[in-house]
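Both backbone and side-chain heavy atoms feed into the values below; hydrogens, waters and symmetry mates do not. A note on names: the letters A, B, ... follow the listed sequences, proteins ahead of strands, and every chain is numbered from 1.
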Amino acid sequence: MALYQQQELNIYNSLSGKKEVFKPINEGNIGMYVCGPTVYSNVHLGNCRTFISFDLIFRYLKHLGYKVRYVRNITDAGHLENDADSGEDRIAKKARLEQIEPMEVVQKYTIDFHNILQKFNNLPPSIEPTATGHIVEQIEIIKEIIEKGFAYEANGSVYFDVLKFNESHDYGRLSGRKLEDMIPNTRELAAQSDKKNPQDFALWKKAEPQHIMRWPSPWSDGFPGWHLECTVMSSKYLGEQFDIHGGGMDLKFPHHECEIAQGEAATGKNPVNYWMHANMLTLNGKKMAKSTGNNILPTEIFTGDNENLEKGFSPSVARFFMLQANYRSILDFSNEALLASEKGFNRLLDAYHLLDELKPSEKSSFEVAAWKQKCYDAMNDDFNSPILIAQLFEAVKEINTIKEGKSQITAPDLEELKKTMSDFLFDVLGLVDTAEAINDDTGNKLSGTIELLIKLRAEARANKDFATSDKIRNELISLGIQLKDGKEGTVFSLD
RNA sequence: GGCAUCGUGGCCGAGUGGCUAGGCAGAGCUCUGCAAAAGCUCGUACAGCGGUUCGAAUCCGCUCGAUGCCUCCA
């Protein structure tokens, strides 16, 4: 029996605004689409948070035994900087500034994106399609939408007719907006536009002569509208209707609203059952965004080379910090918060390592099965990683007490505890055990050396030669190696 | 201006009608040659004002404040 048959997963659905019991269209299988980045500059930390949130979700779904097809796109076609039918596309702009081909821009920042996400230990998606690789499909779906009467051509561009669509459908139901409210609300800046109404959005844009990224179409040499690629690629790889669609909160409107409209216009079906939105990461209380300059690069976290940081932090610490907040809450980034997470994370890993040294007893004073279910309950409640982490810290307390001989655990319970800790820590939360890094040849030599120093210190202490023993302890601590004296002897940990 | 989300102890963050997460920092104790590590104990918080209720941080209303979206953004 698969785990998912034993655990009832609840997901907060942005469409209904409620937590709902999750039920996939095809039992045991899940189709999940997440809006990926536009690759025109380095990913910033805020982007990473969204993808780490969905990585957690992907990992937990897989852990439950689902077969998940996770599709995340790369937006590599340039889109306009604004919607007023003017302005440069962002990839082309970057290409001009860096004096390289637009596709070089795309390649450069796609690689950066992959590198950084790998450092955060994100699993790669099952399929990572690109917008430019699906121009043909996008043209086809535009034809369909025109045929159904929900789009019109104007001067070589094609626009989605939002007002027409809203007559028979409900435009705005995802973001809680009403078209009637939006109309008097738009300013008169679209005088020069080809649109019939300001709410209409582009499916195809005719390229200006200087526009480099362009493709032929029945309407003009041009490029597809931004919202279209997600509709096309999600339906191509996951079907006209699929289970989960995710993305950053800022994409809810208009991007996801437009996706629903496009999907319904083309197929007549509601494309997505569960909409999930990851919240923003803020810096100094403000949204991180490339365009405003209020951002921090992941590399700067690792090196500490940023005015907001006093030191560098490992990717796992940064990941742990993010997972200590729910994906639906705004999270504010700060040096202090990172420091707190780092300490907690190290304590968690230290306790995990202690598991190998625990001696089993005849009976357990820790109810492992009940605790384990609490871990699942946390994740079943809309992927509540902060609660899961709180539960893991409950186990830390138990492990340390057992180590001190003040509690007991049976051999089977110990195995179960270890397995569960490992499952959640590494498979579900996707954290990396820093101690494993020294498990190579150099690492073995290092630990052998430290063991020797521990022995020498023990001898010095036995001889009451505290000057020598303290010297060993202090020199090691200044190298980032901490000695921990316990009842059973001394162990060490690396910072 | 419209729509939405949110305001929790020194800090970060869960909870969302009664049983008062967790982490970090702080205080005391145990252990220790001294420390560190570890364990135990402690803090009794939910923006403000009204209302509903036997009972509200949790529901409703208002006020104040913050953030996001309304043009590209995870």
Side-chain angles (χ1 to χ4, degrees), chain A residues 17 34-38 40-41 43-54 75 78-84 87 89-90 172 175-178 181-182 184-187 189-190 198-199 226 246-255 257 277-282 285-292 320-321 324-326 328-334 336-345 347-348 350-351 354 378 381 384-394 396-397 399-401 403-404 406-407 461 464-466 469-470 473-474 477 482-487 490-493:
Chain A
V34 172
C35 292
T38 302
Y40 70 101
S41 66
V43 260
H44 65 77
L45 238 211
N47 286 304
C48 294
R49 185 191 179 198
T50 296
F51 299 121
I52 288 170
S53 295
F54 285 102
T75 297
H79 294 294
L80 297 184
E81 290 188 299
N82 62 55
D83 200 29
D89 94 55
R90 287 176 292 154
S175 53
R177 283 159 216 251
K178 293 211 178 337
D181 297 338
M182 290 163 59
N185 204 9
T186 13
R187 290 156 199 146
L189 48 78
Q199 287 74 32
W226 172 48
M249 197 68 142
D250 49 351
L251 298 183
K252 202 172 180 182
F253 187 90
H255 184 58
E257 205 69 74
H277 290 97
N279 220 323
M280 302 292 103
L281 182 69
T282 58
K286 292 261 191 297
K287 176 188 172 181
M288 272 190 207
K290 297 174 195 174
S291 51
T292 58
F320 183 71
F321 158 72
Q324 276 183 298
N326 186 259
R328 282 196 290 127
S329 306
I330 293 171
L331 176 64
D332 194 52
F333 181 90
S334 71
E336 290 67 32
L338 262 289
L339 282 170
S341 289
E342 185 174 54
K343 288 199 176 176
F345 180 56
R347 206 160 76 84
L348 195 51
D350 285 348
L354 272 184
D381 185 14
N384 200 326
S385 52
I387 298 278
L388 170 62
I389 290 170
Q391 290 303 334
L392 296 180
F393 275 108
E394 292 300 323
V396 168
K397 202 178 271 191
I399 292 165
N400 284 320
T401 341
K403 174 70 181 164
E404 292 204 339
K406 291 178 182 164
S407 288
R461 291 176 73 198
K464 301 223 186 293
D465 178 7
F466 298 123
S469 68
D470 288 355
R473 181 219 281 160
N474 295 338
I477 201 83
Q482 188 185 41
L483 300 185
K484 299 172 179 182
D485 295 330
K487 287 235 177 351
T490 302
V491 293
F492 71 93
S493 69

Does [X] reach a base, just sugar-phosphate, or nothing at all? Heavy atoms under 4.0 Å.
X: A:R328; result: nothing
X: A:Q482; result: sugar-phosphate
X: A:D350; result: nothing

Measure distances between side-chain N and O atoms of [X] and base N and O atoms of [N], and say whether any donor-acceptor pair falls under 3.5 Å.
X: A:D485; N: B:rA35; answer: yes
X: A:R177; N: B:rC70; answer: no
X: A:N326; N: B:rG15; answer: no
X: A:R473; N: B:rC34; answer: yes

Expressed as a whole number of angstroms, how long is the span from [X]:[atom1] to [N]:[atom2]?
X: A:Y40; N: B:rC72; atom1: OH; atom2: C1'; value: 7 Å
X: A:E342; N: B:rC12; atom1: CD; atom2: P; value: 19 Å
X: A:F333; N: B:rA74; atom1: CZ; atom2: C1'; value: 16 Å
X: A:H44; N: B:rC72; atom1: NE2; atom2: P; value: 16 Å
X: A:K464; N: B:rU32; atom1: NZ; atom2: P; value: 12 Å
X: A:L281; N: B:rG68; atom1: CG; atom2: C1'; value: 14 Å
X: A:I477; N: B:rA36; atom1: CD1; atom2: P; value: 11 Å
X: A:E404; N: B:rC40; atom1: CD; atom2: P; value: 9 Å

Counting only Watson-Crick or G-U wobble pairs whose two distances fall under 3.5 Å, which nucleotide matches B:rC6?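 Partner of B:rC6: B:rG65.
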
Give a yes or no answer on whether the side chain of A:E257 reaches the backbone of A:G172 with a donor-acceptor pair at less than 3.5 Å.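 Checking the backbone N and O of A:G172 against the side chain of A:E257, a donor-acceptor pair under 3.5 Å is found.
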
Side chain A:S385, main chain A:L388, donor-acceptor under 3.5 Å: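 It does not hold such a pair.
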
Nucleotide of [options] approaching [X] most closely (side-chain heavy atoms):
X: A:R461; options: B:rA74, B:rG23, B:rC34; value: B:rC34
X: A:K287; options: B:rC40, B:rA74, B:rA38; value: B:rA74
X: A:A325; options: B:rA21, B:rG13, B:rG68; value: B:rG13
X: A:P386; options: B:rU67, B:rA21, B:rA74; value: B:rA21

Cation-aromatic face contact A:R177/A:F253, 6.0 Å, 45 degrees: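 Judged by the rule, A:R177 and A:F253 form a cation-pi pair.
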
Is the phosphate of [N] approached by [X] (side-chain N or O, under 4.0 Å from OP1 or OP2)?
X: A:S341; N: B:rC24; answer: no
X: A:R347; N: B:rC24; answer: yes
X: A:N400; N: B:rA38; answer: no

Expressed in whole Å, how much space separates the C1' atoms belonging to B:rC19 and B:rG1?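 Result for the C1' pair: 46 Å, nearest Å.
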
With rounding to the closest Å, how many angstrom separate the C1' atoms on B:rC49 and B:rG13?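 One C1' to the other, the span is 27 Å.
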
Give the minimum heavy-atom separation between A:D350 and A:S493, together with the two atoms involved.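 Closest pair (atom of A:D350, atom of A:S493, distance): OD1-CB, 4.1 Å.
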
Where do A:T50 and A:G247 come nearest, in terms of heavy atoms and distance?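 Of all heavy-atom pairs spanning A:T50 and A:G247, the closest is CG2-C, 4.2 Å.
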
Going by ring centres under 5.5 Å and near-parallel planes (under 30°), is A:F393 stacked on B:rG23?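 Taking the rule of under 5.5 Å and under 30°, the ring of A:F393 does not stack on B:rG23.
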
Between the side chains of A:T282 and A:D332, is a donor N or O closer than 3.5 angstrom to an acceptor N or O?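 Yes - a donor-acceptor pair under 3.5 Å links their side chains.
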
